[in-house]
Protein chains: 2
Amino acid sequence: MARAYHHGALAEAMVEEALAAVREHGADHVSLRAIAQALDVSPSAAYNHFADKDALLVAVGQCGLAALDERMARVLAAHPGDSDDAARARFAGLGRAYIAFAVDEPNLFRLVFGPICAEADMGPESWTGPYAKLVGALDELNDREMLVVGARDGLDVTVWGATHGIASLIIEGYLPREAGDALVDSMGRLALR
Amino acid sequence: MARAYHHGALAEAMVEEALAAVREHGADHVSLRAIAQALDVSPSAAYNHFADKDALLVAVGQCGLAALDERMARVLAAHPGDSDDAARARFAGLGRAYIAFAVDEPNLFRLVFGPICAEADMGPESWTGPYAKLVGALDELNDREMLVVGARDGLDVTVWGATHGIASLIIEGYLPREAGDALVDSMGRLALR
DNA sequence: AGGGCATGTGAACGCCGTCAACATCAATGC
DNA sequence: GCATTGATGTTGACGGCGTTCACATGCCCT
C-alpha cells in the first residue's frame with residue numbers, strides 16, 4: 001500500500017526524493033512542490049517535518065556528507081596494514097576519494113559545501129568524519145617520519161584546501177579530470193620524502 | 001537627468017545594480033524584478049539586453065573576475081624588482097590577494113566560480129588573467145631555481161587548487177580567516193627551498 | 001517629414017515558498 | 001468502547017518570481 005504516510009515516514013521519503021532531485025538537477029532547481037507531487041502529497045505537508053525548504057536541503061546535505069565519509073572509510077579499509085606503503089596508499093587514497101566524490105556527485109558536493117549547509121552548521125562534528133580521517137593519515141605519516149621536515153605545520157589545512165579546491169575547479173570545468181590525480185601526485189612529491 | 005535610459009545605458013545600469021545586489025545578498029536571493037524596480041523600469045525591459053537572468057548574472061560575474069584580476073595586478077605592481085625576495089613576495093602576495101578577494105566579496109567569489117558562470121564559459125580567456133599571473137610567478141621562481149627540485153610539475157594546479165580551496169572553505173565558515181596566511185606559509189615551506 | 005528599429009510598458013501565465021484554517025487519523029485515558 | 005488530543009495531511013490563498021507577447025514610445029536615418 002503506497003499511501004502509507006500518515007504516521008508513516010514522510011520525512012524520510014521527502015529526504016530521499018529530494019536527494020534524488022538534487023543529484024540530478026542541483027540544489028537550486030529543486031522545488032518543494034515537485035517533491036511533494038512525486039510523493040502524492042500536498043506541498044504544505046512538508047512543513048510538518050521541516051521548518052522550510054532549506055531545512056530539507058540541509059538534511060539532504062547530511063546524507064551527502066555521510067556518503068563522502070563512507071567513501072573515505074572504504075579507502076582506509078581497502079589499504080590496511082602497518083607499512084610505509086600502506087600509509088602512503090591511505091593518504092593518497094583519501095585525496096582521490098574526496099575528488100572522486102565531487103566528480104561523481106557534483107551537485108551533492110556543491111550542496112554539502114555550499115552556503116545553505118554551511119550556514120546551518122550541521123555541526124563541526126559532522127564533517128569531522130572526513131577531516132579527522134585526513135588528520136589521522138597525516139599524523140601517521142608524521143609518526144613514520146615520512147614527511148619532509150617541518151612540513152607537518154599547517155599541512156592538514158593545506159592538503160584539505162588543495163583537495164577541496166581541485167575538486168571544485170574540476171566540477172566547474174576549470175580543470176580537467178586528470179588534475180585530480182596530478183594533484184595527489186604533486187602533493188606527495190611536495191610533502192613526502 | 002537620471003531617467004536617461006531609452007537609448008541610454010540600461011544594460012550597464014542593470015549590471016551595476018545587480019552587482020550591488022549580488023555583493024549584498026548573494027546571487028541566489030537576487031531578483032530581476034527588484035533590480036528593475038530599483039531602476040524605475042519595468043521587469044521585462046531587461047530582456048532587451050539579456051537573454052535571461054543568468055545572462056545578467058554572468059555579466060556580473062565578469063565584473064567580479066575583473067576585480068579579482070585587478071587585485072592580483074596591484075600585488076604584482078606593489079612588489080617590483082628582480083630580487084629573490086621580490087619574486088617570493090609576488091608569489092605569496094598573489095595567494096593572499098586571491099584569498100582576500102574571497103573573504104572581502106564572498107558572494108561575488110561564489111558567483112564567479114559557481115555553476116552559472118562556469119557553464120556559460122566566459123572564455124578560458126577571462127580567468128586566464130589570474131591564472132596567467134600565477135603561472136608567471138611560478139615560472140619566475142623556477143627560473144631563479146628557488147623551487148624544490150622536481151616540484152614545478154603540476155605545481156600551478158596544486159597552488160591554484162590549494163588557494164581556491166582554502167578561500168572557499170574560509171568563506172563557508174569551515175576554516176578561520178587565519179588559515180589563509182597559514183596556507184601561504186605552508187605552501188612556501190613545501191615548494192620553496 | 002516620415003519610416004524603421006531599438007527600446008521600454010502592461011498584462012498575463014505558470015511556477016514557486018509559505019501560511020492559516022480545516023480535516024483526518026492513531027493513540028491514549030476514562 | 002468512546003471521546004479527547006495531538007500529530008499529520010489537505011485546501012485554498014497570498015505575494016513574489018522569471019518569462020513572454022502584444023503594444024507603445026521615441027531616436028535616428030533618409
Side-chain angles (χ1 to χ4, degrees), chain A residues 1-61 107 110-111 114-117 119-120, chain B residues 1-61 107 110-111 114-117 119-120:
Chain A
M1 168 142 318
R3 215 55 334 88
Y5 332 117
H6 226 321
H7 270 208
L10 217 205
E12 290 86 330
M14 295 205 81
V15 172
E16 197 173 337
E17 191 71 29
L19 175 61
V22 167
R23 290 172 70 167
E24 187 161 4
H25 304 109
D28 323 331
H29 315 307
V30 158
S31 93
L32 220 48
R33 291 178 108 107
I35 293 171
Q37 196 166 27
L39 264 45
D40 276 316
V41 136
S42 107
S44 36
Y47 291 84
N48 285 309
H49 306 277
F50 302 96
D52 55 12
K53 186 191 179 183
D54 280 3
L56 172 58
L57 288 177
V58 169
V60 172
N107 288 323
R110 278 189 277 255
L111 172 62
I116 298 174
C117 287
E119 204 159 313
Chain B
M1 168 143 317
R3 224 38 348 88
Y5 337 115
H6 226 317
H7 272 206
L10 217 206
E12 290 86 331
M14 294 205 80
V15 172
E16 197 173 337
E17 191 71 28
L19 175 61
V22 167
R23 290 172 70 166
E24 187 161 5
H25 304 109
D28 322 331
H29 314 306
V30 158
S31 92
L32 221 49
R33 293 177 108 107
I35 293 170
Q37 196 167 28
L39 264 45
D40 275 317
V41 135
S42 110
S44 37
Y47 291 84
N48 286 308
H49 306 277
F50 303 96
D52 55 12
K53 186 191 178 183
D54 279 2
L56 173 58
L57 288 178
V58 168
V60 172
N107 288 323
R110 277 189 277 255
L111 172 61
I116 298 174
C117 288
E119 204 159 314

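Please read all numbers here as calculations on a predicted model, not as lab measurements. Letters go in sequence order (proteins before strands), and every chain restarts at 1.
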For residues 17-36 of chain B, which side-chain donor-acceptor pairs fall under 3.5 Å, sequence neighbours excluded?
from     : atom 1 : to        : atom 2 : distance (Å)
Arg23(B) : NE     : Glu105(B) : OE1    : 3.2
Arg23(B) : NE     : Glu105(B) : OE2    : 3.3
Arg23(B) : NH2    : Glu105(B) : OE2    : 2.7
Ser31(B) : OG     : Ala34(B)  : N      : 2.9

Exercise answer: donor-acceptor pairs, residues 42-51 of chain A side-chain atoms, under 3.5 Å, sequence neighbours excluded:
from     : atom 1 : to       : atom 2 : distance (Å)
Ser42(A) : OG     : Ser44(A) : N      : 3.4
Ser42(A) : OG     : Ser44(A) : OG     : 3.1

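A donor-acceptor contact under 3.5 Å is formed by the side chain of Asn48(B) with the base of dG8(C).
One atom, CE of Met14(B), and another, P of dT7(C), lie 14 Å apart when rounded to the nearest Å. For the pair Tyr47(A) OH and dC19(C) P, the interatomic distance rounds to 6 Å; values are reported in whole Å. Rounded to whole Å, the distance from CD on Gln37(B) to C1' on dG16(D) is 11 Å. The nearest whole Å value for the distance from the CD1 atom in Ile35(B) to the C1' atom in dT19(D) is 15 Å. If you take NE2 of His25(A) and P of dC16(C), they are 12 Å apart, rounded to a whole angstrom. Atom CD in Glu12(B) sits roughly 10 Å away from atom P in dT7(C) (whole-Å rounding). Protein atom NZ of Lys53(B) is 11 Å distant from nucleotide atom C1' of dG16(D), rounded to whole Å. Put simply, CG on Asp54(B) is 14 Å from C1' on dC17(D), counting in whole angstrom units.
For the pair Ala51(A) and Ala34(A), both in contact range of DNA chain C, the more 5′-proximal nearest nucleotide belongs to Ala34(A).
OP1 and OP2 of dA6(C) both lie 4.0 Å or more from every side-chain N or O belonging to His49(B).
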Could I get a table of every N or O pair under 3.5 Å where one atom is in the protein and the other is in nucleotides 11-13 of chain D?
from    : atom 1 : to       : atom 2 : distance (Å)
dT11(D) : O4     : Ser44(A) : OG     : 2.6

- Message: Pair Asn107(A), Arg110(A) - check side chain to side chain contact (heavy atoms under 4.5 Å, CB included), show working.
- Response: CA-CA 5 Å; Asn107(A) 288 323; Arg110(A) 278 189 277 255; 3.1 Å; yes
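Counting only heavy atoms from C-beta outward, the side chains of Cys117(B) and Leu111(B) approach each other to under 4.5 Å.
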